[in-house]
Amino acid sequence: MFRRFFLFLLFFPLYINAEPVAWDGPGAEGWLTRSSEHFDAHYPASDPAYETLALHSLNIAEQAHSELMPFFTTPPAAKTQLVLSDDQDIANGWATFFPFSQIRLYLTPPHDLNGLENYDDWLALLIRHEYVHILHMEMGRGAPERFRSLFGRVLFFFPHSLISPMLIEGLAVYLETDYEAGTGRLASSWYEMQMREEVRSGEFASLGEAAISSREWPYGQYYLYGAFFIEYLIQTYGEEKLQMWLSLYSGEIVPYLMLNSSARRVYGRDFESLWAGFRIAMEQRFGGEDTATAVTAGQLPASTLRQQVSGSDGQAVYYVARDDEDRPVLQRCTGVDVECADIADGRDITSIDVTPDGRIIAVRALTYASGRYSADLWLLEGGAWTPLTTDARVADARWLPDGSGFLYTSFRAGFSHLLLLSPDGSETLLWRGNYGEYVGAFDINNDGTQIIAAYKTPGRSWELASKDVSNSDWTLLTDSSANEAQPRFTTDDRLLFVADYAGKFGMYEWQDGSALSLASDDVDVTKSFDPWITGDRLWLQEYTAGGYLLKNTSLPLAHGQVEYQTAATRSVDVERVEASAPEAYEPWSTLRPHYWLPVFYGTEDTRYVGLSTGGTDALGRHNYQVDLAYGTEQKAFDMTLVYQYQRWLLGYDVENELYDFNDTVPGFTVIKDQQWRLQRNWLVQAMRDRLGLHSGLVSRRISIDSVEPGVVISGERAAERHSIGLALTFNDQRGLMHSPGGFGPGAELVAEDFSLLNDDFSGVHVQPGFNYMFDLPGRHSLMFSLNTGFASEEAPGWQLGGLPPQEDYALFGREQLSLRGFDSGNQFGRYYDRERLVYAAQLSSINDNWGIWPLGLDDLELRVFLERGRAWTESDDPEAMVGTGVELRLNSIVGYRALVPVVLGVAQGLQGIGSETQGYFGIQAAF
């Protein structure tokens, strides 16, 4: 256990990004590879468009390499692996150096306002940002460099991988930004708006709050603060100082402890002092005379957080209320005072549209078992959602005004599509853009003849464009260097939209070929989004430092002429590089071990010496981990092997345990416990992967390998059990970011047969289970679970009692089940049942770090539980065991990223033989 926990802490920050490509998405038919001097690009073989994108990515990556190398000076040790993933309907990507340098590129471009809208070429911005991470992490000199040559790619020998994500992402955002071209987040009106509100609210983040991957608003604040902080350091002290610090720190062998020391050596002050200067600079830049009148975070309603999805039927605004502490709901809002009533489940909704008679469609994005995050179109009927499409990858959708069908946009293979969906389910492609030509949010006028959309072409910002519904290409309406977005037709065909003409996002109306600004004395339209008009009210969402406020104001609004800079098309050409011919993807070059880690630990009886290694391939489809340790007293190896290939999971574990049965003489009896697990997940899946059928094989052998003097063994020295099982699972549960627990049901039915293989047991196990998470108001939840089991006479029985996690979080091979307030295995039988009720509450949300040191606190939770269970046979029917207790969970943040729950608990058995008081303290997490 110690070894696994140690490795978990060591590699957790890296594994969180290394998800495989989807096994049922683009690429399921096969993958190809093309290479350049410094990069390998892997792409699906299913569409020629992917090869074009792969070659373009290699050109961009080689250009980024040549432009960034003078800043970092240290190249990666080997070629960086680029994987073009088209299974995520979200604009994103990631990079890691572990266990080799790799970048995952999601091909869906940004198509709405979220801070990423300032780009000439989406892949160019994404690759440059992620490659900054690679070059940053690869920096190493002195002792770290020498240790890498000996042990390979071990986390502690990459000092910059252990710094705050604020510094990591801040550097990447700074170096992605080109002020002259107006690209990158630091050149965006979005980041300016966010930082302005942070300053004006009086809630400017401390160094500790910004240093961690916080769950507080604004989400991703370490990007925001980190970018402006790096820019401040360069503007104040010069770029050479930053390069000096990067180089100095890359030689630290105890990196966590040397952050402030290295900063003082370069800047003459530690990070706390640098942060104080940064805060003053931000207040001078973004404060201004209106600071005193700004809405402060303390004045905001608690229900306000992220920008909500909205729509309108001309009479009311429909609004997906989501604050991440309560279950999302779709609401209908009316009135000057914004009175809202719940009408439907609001989970997973990214866009909605409403007809004048109140019919609603929604774009809902779901995560699938394979890892795909994909969106489809759903219709609200009788209070429930009915799917209209499958795997359509919908970005945005609108009813045709006569209700005869729908228009929707979709991104596939990195290209933008506009499609017509008829009521019978047939699709018609109306338009497909070229590379870099994208359609974002759009709307249809009231007679159904014209579409207005946010439209992006290479080298230009987002502009408004029009298109006939039936045919024709897009025609630009606007010609400005600003970003124009969120076009909305009113019931009388007025066209509203959002733009950042003056460097601040505001609300505008398009009239007679001109943009007119809107102004109101009641709301601040210079930081407002999602405009709708109902009757004599304008509805909007106002951005604040605590989230978005849904507001409305009276009409008519004041209008003003708009002055803006005319758009200029910037060249986005990149030099072509020499690339290899396409070859079938092979995993072996990246799958080999890239590190080995020595392991030393011990108990009072023995010492262990060993090593750990592991690996993955570029696609993330093969994953393995091997831990090997030699026990000096046992004179035998303990080993854990885990290998996963897509839906297959293989595990092997052998442990040689010491027992001192005869304490009058030296020596131990050694009992070897070996276990194999083979599991095949998702044999069958249904209900959009909420329902699944899985299979598993568990083989266990327990043997007495050596006997201490004075101990006599009678009978067999070994026992074996082998089982083959099927598990039917249902999971429709969702977590909540700001509340313990979540909401929704889950169930399972597990059956295992011990008769199919010759061993010491036969018969069957059957275990049904059900659980439900109830979302209570605020940051509270209630969780109920019911588990039962039947074992036939020849099968192994059940053991009930002890602290979690007796079940070991496995589907198959579960024979020991926890029940607090009693010893492990307190009851034994061929039948069992167990009920558990847990109330959880967040007592405090801290979300703060100890300055720049690698230790912080996320939140404090209280959990109160009541458990009842019993295990019995036909001849022995003991009294049920009942236990209760309370836990305090201090969710600590280790290394700025890893959430490690420290648990202090007490359990008391209330009823049943063997009841006792149990106190426990430790780290309670599944490794």
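FYI, side chains are in, hydrogens and waters are out, and symmetry mates aren't considered; it's all heavy atoms of this structure. Nothing fancy with the numbering, it's 1 onward along the sequence.
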After noting the C-alpha distance and the side-chain angles of E427 and Y408, does the key distance pass the side-chain hydrogen bond (donor to acceptor under 3.5 Å, both in side chains) rule?
CA-CA 10 Å; E427 288 184 347; Y408 74 88; 2.3 Å; yes
Does one side chain, of [X] or [Y], offer a donor that lies under 3.5 Å from an acceptor on the other?
X    : Y    : value
Y455 : E484 : no
D524 : Y543 : no
D396 : S351 : yes
S310 : W532 : yes
D402 : S404 : yes

Pairwise side-chain contact, [X] with [Y], heavy-atom cut-off 4.5 Å (strictly under):
X    : Y    : answer
D112 : N114 : no
E325 : L736 : no
D324 : Y219 : yes

What pairs with F406 under ring pair (Phe, Tyr, Trp, His ring centres under 6.0 Å), at least two apart in sequence or on another chain?
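Scan of F406 (ring pair (Phe, Tyr, Trp, His ring centres under 6.0 Å), adjacent residues dropped) gives W399.
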Residues that F497 engages under ring pair (Phe, Tyr, Trp, His ring centres under 6.0 Å), provided they are two or more places apart
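Partners of F497 under the ring pair (Phe, Tyr, Trp, His ring centres under 6.0 Å) test: Y508.
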Nearest 0.5 Å, please: how far is CZ in R128 from CG in L175?
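That separation rounds to 6.5 Å.
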Under the criterion side-chain hydrogen bond (donor to acceptor under 3.5 Å, both in side chains), I'd like the reasoning laid out for S85 against D87: C-alpha separation, chi angles, the key distance, then a yes or no.
CA-CA 6 Å; S85 173; D87 49 26; 2.5 Å; yes
If you measure from the Lys or Arg side-chain nitrogens to the Asp or Glu carboxylate oxygens, is any gap between D479 and R460 under 4.0 Å?
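Result for this pair is yes, salt bridge flagged.
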Check this for me: does any side-chain nitrogen of one of R285 and E192 sit under 4.0 Å from a carboxylate oxygen of the other?
yes
Got a sec: does the CG of D512 have more than 12 other heavy atoms crowding it under 6.0 Å?
no
Which side-chain N or O atoms in residues 382-393 pair as donor and acceptor under 3.5 Å with protein atoms at least two apart or in another chain?
{"residue": "W385", "atom": "NE1", "partner": "D345", "partner atom": "O", "Å": "2.9"}
{"residue": "T386", "atom": "OG1", "partner": "E381", "partner atom": "OE1", "Å": "3.3"}
{"residue": "T389", "atom": "OG1", "partner": "D376", "partner atom": "OD1", "Å": "2.7"}
{"residue": "T389", "atom": "OG1", "partner": "L377", "partner atom": "N", "Å": "3.0"}
{"residue": "D391", "atom": "OD1", "partner": "R372", "partner atom": "NH1", "Å": "3.2"}
{"residue": "R393", "atom": "NE", "partner": "D89", "partner atom": "OD1", "Å": "2.8"}
{"residue": "R393", "atom": "NH1", "partner": "D86", "partner atom": "O", "Å": "3.0"}
{"residue": "R393", "atom": "NH1", "partner": "D86", "partner atom": "OD1", "Å": "3.2"}
{"residue": "R393", "atom": "NH1", "partner": "D86", "partner atom": "OD2", "Å": "3.1"}
{"residue": "R393", "atom": "NH2", "partner": "D86", "partner atom": "O", "Å": "3.3"}
{"residue": "R393", "atom": "NH2", "partner": "D86", "partner atom": "OD1", "Å": "3.1"}
{"residue": "R393", "atom": "NH2", "partner": "D89", "partner atom": "OD1", "Å": "2.8"}

